[in-house]
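Proteins come first, then strands; the chains are lettered A, B, ... in the order of their sequence lines, and each starts at number 1.
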There are 2 protein chains.
Amino acid sequence: MARRNDHSREEIQAMAIEAAIDILNNEGPGSLSTRKVAKAIGYTVGTLYLVFKNLDELILQVNATTLDELEDGIVAVSQDQLNPVSTLKAMALAYLHYAQDNFARWSLLFTWRLPEGEPVPEWFDAKVAGVFEKVREPLQQLRPDSDAQTCLQAAREIWSGVHGACDLGLNGKLSFGGEFKPDTLIESLVENYLIGFAKA
Amino acid sequence: MARRNDHSREEIQAMAIEAAIDILNNEGPGSLSTRKVAKAIGYTVGTLYLVFKNLDELILQVNATTLDELEDGIVAVSQDQLNPVSTLKAMALAYLHYAQDNFARWSLLFTWRLPEGEPVPEWFDAKVAGVFEKVREPLQQLRPDSDAQTCLQAAREIWSGVHGACDLGLNGKLSFGGEFKPDTLIESLVENYLIGFAKA
DNA sequence: TGCATTATTGAACACTGTTCACTATTCTTA
DNA sequence: TAAGAATAGTGAACAGTGTTCAATAATGCA
């Protein structure tokens with residue numbers, strides 16, 4: 001046997017998450033396995049199960065960091081925008097570009113399903129809510145007289161559109177007749193939706 | 001050994017597809033396996049591989065029937081509508097309801113990824129194009145002066161939205177603050193988008 | 001009836017997530 | 001310092017996965 005107390009539980013967790021991200025980036029989704037992660041951090045599977053309940057829990061943590069980065073990316077571009085419409089467009093494009101640049105992780109975030117009974121932990125839901133709040137803000141600016149609930153609903157609607165375009169677009173489900181640029185698609189989608197939203 | 005020539009290759013294929021659909025409906029996605037399908041149709045795995053190249057090919061066929069049913073469902077409700085807007089709303093809701101009622105199969109259609117090199121066969125892409133053509137028609141009615149390419153682009157946009165709402169909604173990614181009804185969400189999304197699209 | 005053909009089998013291989021009896025290292029106490 | 005308790009870490013084992021392919025048994029034909 002090798003080291004003991006070389007790393008704390010928290011350190012091993014962090015190492016595992018990092019290793020998992022590396023594997024996802026380099027070998028794509030579906031190549032992630034407990035043995036691969038264990039090997040990458042210099043431990044065996046058993047240790048992984050000492051630190052995570054199971055693979056689902058590890059993936060949940062990976063998805064959490066993905067969600068954080070996604071939010072950071074969206075917030076970053078929304079700083080220096082002149083009006084709510086251009087803010088929302090910039091945010092949508094930031095979402096697309098993150099998904100393009102980190103396809104495996106972005107994919108995992110949406111394709112991974114917990115086993116039947118297991119509910120998504122509330123801290124995860126809270127993170128999701130945080131992202132949507134960032135989308136709600138410019139929508140609120142666009143219609144200051146509407147209540148927060150209405151704008152939150154609109155955030156769900158517009159972000160569904162952006163997400164759907166990324167999902168279908170990046171998975172080759174939209175490339176069938178004529179050229180098709182995801183950037184243009186998303187910009188036009190946001191534009192058209194906001195005309196309707198602003199008018200009502 | 002048992003029967004011989006009891007069923008033709010085509011019959012075994014059809015039986016396998018049907019069995020796979022049953023398993024998906026009853027046990028959810030992720031419970032599908034070659035051995036289970038083989039057992040369900042009274043053959044062994046070996047026979048399955050005589051009739052399908054691999055599991056991917058079987059799933060592709062399952063997805064093809066899902067796509068067919070999806071198109072049928074959308075076309076059915078679009079018959080007796082008074083105007084393009086109500087047609088598109090009805091189609092969107094039909095899409096949602098199909099996804100709700102056949103969650104496992106609808107899920108499989110979008111989460112299944114072929115191995116790295118393998119391209120989606122063109123007959124599959126053609127099927128997808130067929131569905132989008134059905135969406136393009138009412139959009140064309142809405143803006144008769146626009147060319148087909150513009151309306152096809154709009155079809156991609158609006159259907160991305162509808163699909164994204166189903167994806168996030170049915171996977172519990174939108175249920176975080178306040179009540180949330182997928183039907184209402186989708187209707188409002190389509191409505192707002194079409195205001196923008198009709199106006200331009 | 002005997003032979004060639006071929007549909008069908010199921011054991012084997014390399015992988016997966018998960019468990020747990022065991023081992024080796026560290027910490028505590030005498 | 002020596003003995004013992006506590007525990008970090010292991011890795012073999014189990015049940016499952018997709019896939020292959022030599023062996024087998026049922027059929028059609030001569």
(message) Checking T66(A) against N63(A) for the side-chain hydrogen bond (donor to acceptor under 3.5 Å, both in side chains) test, could you report, in this order, the C-alpha distance in whole Å, the side-chain angles of both residues, the deciding distance, and whether it holds?
(response) CA-CA 5 Å; T66(A) 305; N63(A) 284 346; 4.6 Å; no
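In this entry the distance linking CD of E57(A) with C1' of dG17(C) reads 14 Å, nearest Å. Regarding Y49(B), its OH atom lies at a distance of 11 Å from the P atom of dT17(D), rounded to whole Å. Atom CZ in R113(A) sits roughly 18 Å away from atom C1' in dG17(C) (whole-Å rounding). Atom CG in D6(B) sits roughly 13 Å away from atom P in dA7(C) (whole-Å rounding). If you measure from atom NZ of K39(B) to atom C1' of dT9(C), you get 16 Å, rounded to the nearest angstrom. Look at CH2 on W112(A): it is 11 Å from C1' on dT16(C), rounded to the nearest Å. Put simply, CE on M15(B) is 16 Å from P on dA7(C), counting in whole angstrom units. As a whole-Å value, the separation of E27(B) CD from dT17(D) P is 10 Å.
When the nearest nucleotides of DNA chain C are assigned to L50(B) and V45(A) by heavy-atom distance, the more 5′-ward of the two goes with L50(B). Nearest-nucleotide mapping onto DNA chain C: of K36(A) and K53(A), the residue sitting toward the 5' end is K36(A).
Across all strands shown, T34(A) has heavy atoms under 4.0 Å from base atoms, whether or not it also approaches the sugar-phosphate. Within the 4.0 angstrom heavy-atom criterion, no nucleotide atom of any strand lies near L58(B). Residue L48(B) is classed as having no contact, given no heavy-atom separation below 4.0 Å to the nucleic acid.
Out of dG11(D), dT9(C), dA13(D), the shortest distance to the side chain of Y43(B) is found at dT9(C). You'll find that the side chain of L55(B) is closest to dT19(D), out of dT19(D), dG9(D), dT8(C). When distances run from any side-chain atom of T47(B) to the nucleotides dG17(C), dG9(D), dT9(C), the shortest one goes to dT9(C). In the set dT10(D), dT8(C), dT19(D), the nucleotide with an atom closest to the side chain of N54(B) is dT19(D).
Of the N and O atoms on the side chains of W112(B) and D56(B), at least one donor lies less than 3.5 Å from an acceptor on the other residue.
Regarding contacts with the backbone of dT16(C), a side-chain N or O of S33(A) is found under 4.0 angstrom from either OP1 or OP2.
Within 6.0 Å of CD in Q140(A) there are more than 12 heavy atoms belonging to other residues, nucleotides or ligands. A 6.0 Å sphere centred on CD of Q81(A) holds more than 12 heavy atoms belonging to other residues, nucleotides or ligands.
Taking the six-membered ring where the residue is Trp, H7(B) and Y43(B) present perpendicular rings, their angle passing 60° and hence far from 30°.
No N or O donor and acceptor, one from the side chain of R35(B) and one from the base of dG16(D), sit under 3.5 Å apart.
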